[in-house]
Amino acid sequence: LGADLSSMLHSLGIPRDSKRHRVLDTFQSPWAETSRSEVEPKFFIPD
Amino acid sequence: TNTERYYLVFTEWVKLLQRVEGDDISTIVFLKQMKDKGVLSKTDQLIEFIKAALELSIFSFKESDPTGEVFTAIDALGKMIIKLLVVQDFTEMTRADYLNLVFPVIALVFSKDHEQENTTFNERPHFRLLSNFLFEWETIRGHKFIKVRNVVTRKELLDFDTEFYNIFSSYLQSAQPIAFPGFSFAWVTLISHRMFLPTMLRLPNNAGWKNLMLLLIDLLKFLDKYTDKNEVSNAISVVYKGALRVFLGISNDMPEFLIENHLELMNNLPPTYFQLKNVILSAIPKKMMLPNPYDPTLSLEDIAACKEPPKVFYDLIAEFSTLKKPVDNYLRIPSNSLLKTIISNTYRNEYELKNGIGYDYLSVDNNIVRAIVIHVGIEVGSEYQRMSSSAVFNTKSAYYTLLFNLIHDGTVELQYQVIQAMVEQLRYPNVHTYWFIFALRNMFVSEEWGDQLLEVQEIILRNLLERIIVNRPHTWGISVIFTQLITSKEINLLDLPFVKKLPEVRNLLSPL
Amino acid sequence: ENDAFNNPLFGEELKFWLNSKRPLMQPYKEMPEQMIAQVESSLLNCPDSLDADSPHFYRKPLSLPHPTSIFFPNEPIRFVYPVGSGQGQPNDQQQTYKGKQAGSSNQEQDSESESVKKTEDIYSRTSLARIFTKFDLDTLFFIFYHYQGTYDQFLAARELSKNRKWKFNKIDRCWYYKEVEKLPPGMLQAEEESWRYFDYQGSWLARRCNNDVVPKEEDFEKI
């Protein structure tokens, strides 16, 4: 039967409204329990 | 010994990186000296060096104070390997050759650590090395490798970029959970890594999609194998949760990937994973607004999106190469003998054990059934664009009669599989959703079934209920057809004998 | 007897790697004891977000000398938060940089809020990028000039450019701000442009440029 996904979506940072934003570029870990700190995403520094 | 000498040189490298910045010229000079002074002048030496450095790094991890810096050596190794990938002179071997030399060495050290008895295998340093490869490569590839000053090298690296990810992907495939269960959690973390997954989704021309699908299928196969409907081990249950979360992320960032690859995902999804099934099939194109599916006055005909065929990425021909001809011939001119050929080819030669709801094995090849159903959908879509809606939205059309007859002449299992595949096509507003709603609605009340009608109604209702009683999300198409059935004046679901007989089902339906 | 197994480079390890192929070709119907133990061990050792984070090697404490350098941390700022607290509210960002900031008039704030909403990027919802929206210009310039080559420098540049509307001059390596002042009606021009720049080498202050100085658009870095 699955489960209520609201808290999983919330922990992923996926909003309920239609305003989408990308989440995989800052994805910490597949599990909320191992996602307790933010990770450094890719970035670019001009010379 | 040679190994000890390699340890010394590697240790110097680790120390160097603690004193100068990662892009300092001395790091290049160090590597150059390794080449010039005969440490890395031959490929045999490269193999021995990486083996020694990796073993030392893993040993260093295991011996380090767990509260301190445990990855110093492994981080240094990751940087060295990728730096060599970038700066070496690749006249005698290509970058692909180099990587295809490095990964097997890593695989061998990894396998020994994992498989050897009485070892304290820990996936973390192995994970860290691969995570670092992704980081180091990402650092150099920004803005089309603009940081690489040499224009020729820059172009070479840009041309190599896709191949880098595909080689990395192949390595991950060989390290999949069925082969290395002690690496399972690290593996799921790697396929969803922020510097791997979004990149694979976005490579030019969807160049990463094929390999990404292979990895996701590996994951689904692992889950399928070890999900027993009576009992799921805690560890597998946690893997599942992680998989679900990853699919939710993909659905958010790139729903097109799930939309266009849904067939292969359905072919490999464990049959009891209804919520994950719904998550995958509920992916909708970005910016699409969904009309209210519960509106009883909803007219699919008036929705522009319902005229559009959904995109498909997979190669359907491969799936049902033997059947394509008979199916296409039947769609042109239906005949009983073609139908018999088609039906007989849907049966397997051997039973396949499958943990389904209400069944433990399959005698029908559901991949083939799915391929037939979706092929019908694709043909419907293209004829609809060419001709008119009356040509396809017609219970006398070959499209409808093929599916009707498969159900009419098939075993209960085949009936279930065909209807299940049709229900899978009820997704976001598109011509497949539209047509399959038409087909299922008509089948639900068709007098052509004769005394088979109740059986067919039961299977259709079961397939819809399976998808709608689970927690959300639910697909738009299923919500639409369900609303139509509930509000229809022709049908009263509560009057159906098989509903009356089952209080659980009756109690589910009557409030609706 | 196979040659591969006699190769001194990898003969020893090869059998372990080959072993792993067996379950791929013929998966176990049920997980054997050893496999269960391995999967559970994998669960226990599961890499976390710190393991997946970017490796950090040597980094010069500060790119430029500064008298208060000993008070600034060497480790990167990492946010730790309890499970389930999610990413916080998206609306914080609009509240932050209103108020007395050099080069920020009230009229511009509303359009700034609008453009913040529109120009969402992958960093917008990270705690670090959000904290940067609350920093003073001074702090942002300090991070920019003293933590060169770091993610922190990148975020400072992003904040200055995207949200505060400063521009970075590639030639003199200074940040510039264009102030547009609406003139009272009846004047020859409707508005007056003036530029200021941040003097990071000398006074560590934002200074007005001379009226005849108009920085060239092509000298600015496209961030």
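Labels below follow one simple rule: chain letters A, B, ... track the order of the sequence lines, proteins then strands, and each chain is numbered from 1.
In this structure, CZ in B:F168 is found 3.5 Å from CG in B:L134, a value given to the nearest 0.5 Å. The CD1 atom of B:I140 sits 11.5 Å away from the CZ atom of B:F164 when rounded to the nearest 0.5 Å. Of the inter-residue distances, the one linking B:L258 atom CG with B:F247 atom CZ reads 7.0 Å to the nearest 0.5 angstrom. Interatomic distance, CG of B:L197 versus CG of A:L24, reported as 5.0 Å (0.5 Å rounding). Rounded to the nearest 0.5 angstrom, B:L265 CG and B:F257 CZ are separated by 6.5 Å. The CG atom of B:L512 sits 8.0 Å away from atom CD1 of B:I468, with the distance rounded to the nearest 0.5 Å.
Of all heavy-atom pairs between A:P30 and B:V246, the closest is CB-CG2, 4.1 Å.
Looking at B:I250, both its backbone and its side chain come within 4.5 Å of chain A, counting heavy atoms on both sides. Looking at B:L276, neither its backbone nor its side chain comes within 4.5 Å of chain A, counting heavy atoms on both sides. Heavy-atom distances place both the backbone and the side chain of B:L248 under 4.5 Å from chain A. Both the backbone and the side chain of B:I284 come within contact range of chain A, with heavy atoms under 4.5 Å apart. Proximity to chain A is limited to the backbone of B:V239, based on heavy atoms less than 4.5 angstrom apart.
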A:L12 and A:F27: CA distance, side-chain angles, deciding distance, side-chain contact (heavy atoms from CB on, under 4.5 Å) verdict
CA-CA 8 Å; A:L12 273 167; A:F27 194 68; 3.4 Å; yes
Which donor-acceptor pairs sit under 3.5 Å apart between chain A and chain B?
{"residue": "A:L1", "atom": "O", "partner": "B:N471", "partner atom": "N", "Å": "2.9"}
{"residue": "A:L1", "atom": "O", "partner": "B:N471", "partner atom": "ND2", "Å": "3.2"}
{"residue": "A:G2", "atom": "O", "partner": "B:N471", "partner atom": "ND2", "Å": "3.3"}
{"residue": "A:A3", "atom": "N", "partner": "B:Q275", "partner atom": "OE1", "Å": "2.9"}
{"residue": "A:A3", "atom": "O", "partner": "B:Q275", "partner atom": "NE2", "Å": "2.7"}
{"residue": "A:S11", "atom": "OG", "partner": "B:R245", "partner atom": "NE", "Å": "3.3"}
{"residue": "A:S11", "atom": "OG", "partner": "B:R245", "partner atom": "NH2", "Å": "3.0"}
{"residue": "A:R20", "atom": "NH1", "partner": "B:S251", "partner atom": "O", "Å": "3.1"}
{"residue": "A:R20", "atom": "NH1", "partner": "B:N252", "partner atom": "O", "Å": "3.1"}
{"residue": "A:R20", "atom": "NH2", "partner": "B:I284", "partner atom": "O", "Å": "3.4"}
{"residue": "A:H21", "atom": "O", "partner": "B:N252", "partner atom": "ND2", "Å": "2.8"}
{"residue": "A:V23", "atom": "N", "partner": "B:D253", "partner atom": "OD1", "Å": "2.8"}
{"residue": "A:V23", "atom": "N", "partner": "B:D253", "partner atom": "OD2", "Å": "3.2"}
{"residue": "A:L24", "atom": "N", "partner": "B:D253", "partner atom": "OD2", "Å": "2.8"}
{"residue": "A:S29", "atom": "O", "partner": "B:R245", "partner atom": "NH1", "Å": "2.8"}
{"residue": "A:P30", "atom": "O", "partner": "B:R245", "partner atom": "NH1", "Å": "3.2"}
{"residue": "A:W31", "atom": "NE1", "partner": "B:V238", "partner atom": "O", "Å": "2.7"}
{"residue": "A:E40", "atom": "O", "partner": "B:R194", "partner atom": "NE", "Å": "2.8"}
{"residue": "A:E40", "atom": "O", "partner": "B:R194", "partner atom": "NH2", "Å": "3.2"}
{"residue": "A:I45", "atom": "O", "partner": "B:K147", "partner atom": "NZ", "Å": "2.5"}

